[in-house]
Amino acid sequence: MILPLHYRELGAGRPLVILHGLFGTLDNWQTLARRWAEQFRVIVVDLRNHGRSPHAPEHSYSLMSQDVLALFDQLSLPADTTLMGHSMGGKVAMRFALDYPERLGRLIVVDIAPRLSDMRHQDDILAGLNAVDLSAIQSRQQADDALALHIPQPGVRQFLLKNLYRREDNSFAWRQNLQALTAQMAAIGEEITDPDPFLKPALFIRGGKSDYISTEDKLYAIPALFPNSQVETVVDAGHWVHAEKPEEVFALVQAFAAQ
């Protein structure tokens, strides 16, 4: 079933649509979005089972691509729209570009390759999130303490805790659909394939300290599906390229989307 996605819109001009990664929300891109909105019509999106978008048991790239298409139709986005996604959102963007190439002018993918992703590195995060007893905690600090038993990195915990909110009855809940994401983790790691490549311009931005886009990806996997692509490396950045090196990412996206 296709879901109506929650989004936020800023600025005017040629559209730039931004998709977040796993366990993220549109808020992750808000600071950069405001800057790009000085030149573009920026639409930041919550993908299904994340943020304020609806929840569903299904979580596949095919369905997420269709969700994004429905949003494009709802907003009457023109054929020169730029679509950008980070990590899981980057795979959604790739799937969309291959499914509906006539709907895009260009594609930007941030630190993810089309190949199969090993999702075992998410095991500790899933264990931590599922260990938080939402019916028992009375503060964000108690949630952080529960997460810390599985996730030692404070920065990762703070990122995850952005999804924690209080309901009207003052109880805590996660914005993401934790049950569905836990069950569908293999689908989130799936390879993006297609018999027909996306022939329009594509920019892949990789973190120099990240292994999400390898040399082999750069030489083979990416050009096979995106022959009119370039891969730009942001030195000294990990997987969260846009958070660690916002100025570099801002400039790369600004120049490419303005072409």
Side-chain angles (χ1 to χ4, degrees), residues 2 5 14-22 24 29 43 45 47-48 58-72 77-119 121-122 184-208 210-234 237 239-242 249 252-253 255-259:
I2 298 169
L5 300 178
R14 182 191 289 169
L16 169 64
V17 179
I18 305 175
L19 310 177
H20 61 79
L22 181 63
W29 285 91
I43 297 128
V45 181
L47 292 166
R48 65 165 53 208
E58 302 83 10
H59 195 85
S60 70
Y61 287 115
S62 175
L63 281 172
M64 287 189 277
S65 173
Q66 293 174 61
D67 292 343
V68 174
L69 177 65
L71 183 64
F72 270 55
L77 296 181
D80 66 347
T81 296
T82 299
L83 178 62
M84 175 169 71
H86 170 248
S87 199
M88 179 190 74
K91 282 195 164 180
V92 177
M94 284 187 267
R95 181 71 273 155
F96 183 93
L98 294 162
D99 289 344
Y100 313 107
E102 72 284 356
R103 301 300 299 267
L104 290 184
R106 58 202 60 73
L107 169 72
I108 304 174
V109 177
V110 183
D111 211 55
I112 196 73
R115 64 175 155 87
L116 180 73
S117 303
D118 184 349
M119 302 306 291
H121 65 284
Q122 301 289 349
Q184 298 292 333
M185 198 54 57
I188 295 168
E190 281 183 357
E191 182 180 7
I192 302 298
T193 62
D194 204 88
D196 300 311
F198 177 74
L199 300 176
K200 295 175 182 176
L203 169 65
F204 284 73
I205 301 173
R206 66 182 289 268
S210 170
D211 59 2
Y212 279 72
I213 296 180
S214 67
T215 302
E216 290 228 336
D217 295 325
K218 183 177 177 179
L219 292 175
Y220 304 110
I222 292 172
L225 285 174
F226 306 97
N228 191 15
S229 64
Q230 61 194 86
V231 179
E232 298 289 345
T233 300
V234 178
H239 183 53
W240 292 93
V241 195
H242 52 294
V249 172
L252 284 168
V253 171
F256 182 77
Q259 291 176 8

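Residues Val17 and Phe72 meet the side-chain proximity criterion, which asks for heavy atoms closer than 4.5 Å. Looking only at side-chain heavy atoms (C-beta outward), Leu219 and Ser214 stay at 4.5 Å or farther from each other. With contacts defined as side-chain heavy-atom distances shorter than 4.5 Å, the pair Met64/Leu19 does not qualify. Between Leu22 and Ile188 there is a side-chain heavy-atom pair separated by less than 4.5 Å. Here the side chains of Met84 and Val253 are in contact, with some heavy-atom distance below 4.5 Å.
To the nearest 0.5 Å, atoms CG (Leu47) and NE2 (His20) are separated by 4.0 Å. Atoms OG and CD1, on Ser229 and Ile222 in that order, are 6.5 Å from each other to the nearest 0.5 Å. The CZ atom of Arg106 lies 4.0 Å from the OG1 atom of Thr82; values are rounded to the nearest 0.5 Å.
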Scan the side chains in residues 197-208 for donor-acceptor partners under 3.5 Å anywhere in the protein, sequence neighbours excluded, and list what turns up.
unit_1: Lys200; atom_1: NZ; unit_2: Pro101; atom_2: O; d: 2.7
unit_1: Lys200; atom_1: NZ; unit_2: Leu104; atom_2: O; d: 2.7
unit_1: Arg206; atom_1: NE; unit_2: Ile213; atom_2: O; d: 3.1
unit_1: Arg206; atom_1: NH1; unit_2: Thr233; atom_2: OG1; d: 3.0
unit_1: Arg206; atom_1: NH2; unit_2: Ile213; atom_2: O; d: 3.3

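Residues satisfying the side chain to side chain contact (heavy atoms under 4.5 Å, CB included) criterion with Ile2, sequence neighbours excluded, are Gln66, Asp67, Ala70. Ser60 pairs by the side chain to side chain contact (heavy atoms under 4.5 Å, CB included) definition with Ser62, Leu63, not counting sequence neighbours. A search for ring-ring contact (aromatic ring centres under 6.0 Å, His included) contacts involving Tyr100 returns Phe96, not counting sequence neighbours.
In this pair, His86 and His242 present their aromatic rings perpendicular. The plane angle is above 60°, beyond the 30 to 60° band.
Screening residues 82-105 for salt bridge (Lys or Arg N to Asp or Glu O under 4.0 Å) gives Asp73-Arg103, Arg95-Asp99, Arg95-Asp194 as the qualifying pairs, with residues at least two apart or on separate chains. Sorted by first and then second residue, the salt bridge (Lys or Arg N to Asp or Glu O under 4.0 Å) pairs involving residues 214-233 (not counting sequence neighbours) are Arg115-Asp217.
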